[in-house]
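Heads up, the thing below is written out as structure tokens.
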Amino acid sequence: MQEITIHLLRQKPQYKSTVANWLFKEFARPNETLSFFESLVENGICGQDLPCFFVAETSTHIPVGTVALCRADLLTRQDIAPWLALLYVDPEFRNHKVGTQLQNALLLYAKQKGFSQVYLYTTLINYYEKNDWHPIGSGIECDGTVVKLYQKETEI
């Protein structure tokens, strides 16, 4: 397995299109377009603290994953922030701890920006628990889907 490094996507802008395409294919709902995800990525690398995208890259300079730190992710829970969102790892690199490395880089960044905890929501079962995320209840998506809420301290 190749060594993986994590970068701010703004430091690797050549991967913007790749990241937007991954997110569109993995997360798009009906009526969401590729241009929506391209705009999301573009506005996530403009130099502000949030939102902020990260990209995982192999030692041979191949992008293999991404994650974002956002002000808001679940519209019904605007009372908590920031959020880990849009975690994606290329299928060929799954089960090699790339997702864990992306999460750790995001948590370190959040800590450096003064955040003591980060939240996420998911429908996945037993994935985030492996990385010590703590369930804090449930939330509801705009389509009525019930999701699990998690929180993690930025001390890693």
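Please read all numbers here as calculations on a predicted model, not as lab measurements. Every heavy atom of this structure was used, including side-chain atoms; hydrogens, water molecules and symmetry mates were not.
To the nearest 0.5 Å, atoms NZ (K111) and CD (E153) are separated by 11.0 Å. One distance of note links CZ of F53 with CG of L40; it measures 4.0 Å at 0.5 Å rounding. Rounded to the nearest 0.5 angstrom, N104 CG and K97 NZ are separated by 10.5 Å. With rounding to the nearest 0.5 Å, the separation of CD in E155 from CG in D132 is 13.5 Å. Expressed to the nearest 0.5 Å, how far CG of N126 lies from NZ of K148 amounts to 6.0 Å. In this structure, L74 CG and S138 OG are separated by 10.0 Å, a value rounded to the nearest 0.5 Å.
Counting non-hydrogen atoms of other residues, nucleotides and ligands closer than 6.0 Å to CG of N95 gives a total of 12 or fewer. Shown here is D79, whose CG atom has more than 12 heavy atoms of other residues, nucleotides or ligands within 6.0 Å.
Nearest heavy atom pair, residue P82 against residue Q117, reads CD-O, 3.5 Å. Between Y119 and A81 the shortest heavy-atom distance is CE1-O, 3.7 Å. Between G139 and L149, the closest heavy-atom pair is N-CG, 3.9 Å. Nearest approach of G99 to V89, heavy atoms of both residues: N-CG2, 3.7 Å. Of all heavy-atom pairs between R10 and I45, the closest is CB-O, 3.4 Å. Pairing each heavy atom of P51 with each of N43, the nearest pair is CG-O, 3.6 Å.
Under the 4.5 Å side-chain contact rule for hydrophobic residues, L50 and V41 do not share a cluster. A single hydrophobic cluster is seen to contain both F93 and Y127, as judged by linkage of ILVMFWY side chains at heavy-atom distances under 4.5 Å, directly or through other members. Cluster annotation: V67 and V64 are assigned to the same hydrophobic cluster (Ile/Leu/Val/Met/Phe/Trp/Tyr, side-chain heavy-atom contacts under 4.5 Å, transitive). Note on L8: it clusters hydrophobically with F115, by side-chain heavy-atom contacts below 4.5 Å among ILVMFWY residues. Tracing side-chain contacts under 4.5 Å through hydrophobic residues (I, L, V, M, F, W, Y), one never reaches I62 starting from V55; they form parts of separate clusters.
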**Asked** Hey, mind stepping through K152 and Y150 against side chain to side chain donor-acceptor pair (under 3.5 Å) and telling me if it holds?
**Response** CA-CA 7 Å; K152 187 168 183 180; Y150 290 85; over 6 Å; no
**Request:** With side chain to side chain contact (heavy atoms under 4.5 Å, CB included) as the test, would you mind laying out the steps for R29 and E141 before giving the verdict?
**Result:** CA-CA 12 Å; R29 297 179 185 130; E141 273 272 33; 2.7 Å; yes
**Request:** Decide side chain to side chain contact (heavy atoms under 4.5 Å, CB included) for F37 and E32; before the verdict, give the C-alpha distance in whole Å, the side-chain angles of both, and the deciding distance to 0.1 Å.
**Result:** CA-CA 8 Å; F37 287 94; E32 288 182 336; 3.7 Å; yes
**Request:** Carefully, step by step, assess L102 and V98 under the rule side chain to side chain contact (heavy atoms under 4.5 Å, CB included).
**Result:** CA-CA 6 Å; L102 284 161; V98 175; 4.1 Å; yes
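Scored by the side-chain contact (heavy atoms from CB on, under 4.5 Å) test, I140 finds T76 as partners (sequence neighbours excluded). Under the ring-ring contact (aromatic ring centres under 6.0 Å, His included) criterion, Y88 pairs with W22, not counting sequence neighbours. Looking at residues two or more places apart in sequence or on another chain, you find a ring-ring contact (aromatic ring centres under 6.0 Å, His included) between Y109 and F54. When the ring-ring contact (aromatic ring centres under 6.0 Å, His included) test is applied to W83, no partner is found at least two apart in sequence or on another chain. Residues meeting the side-chain hydrogen bond (donor to acceptor under 3.5 Å, both in side chains) test with H134, sequence neighbours left out: none.
A side chain to side chain contact (heavy atoms under 4.5 Å, CB included) with L69 holds for exactly one of D49, L84, V118; it is V118.
Under a 4.5 Å side-chain heavy-atom cut-off, the cluster of Ile, Leu, Val, Met, Phe, Trp and Tyr residues that includes L75 has no other member.
With a 4.5 Å cut-off on side-chain heavy atoms, Y121 and R77 do not count as touching. V147 has its side chain out of reach of T122: every pair of non-hydrogen atoms, C-beta onward, lies at least 4.5 Å apart.
Below 30°, between 30° and 60°, or above 60°: for Y128 and W133 the angle between ring planes is above 60°, a perpendicular geometry.
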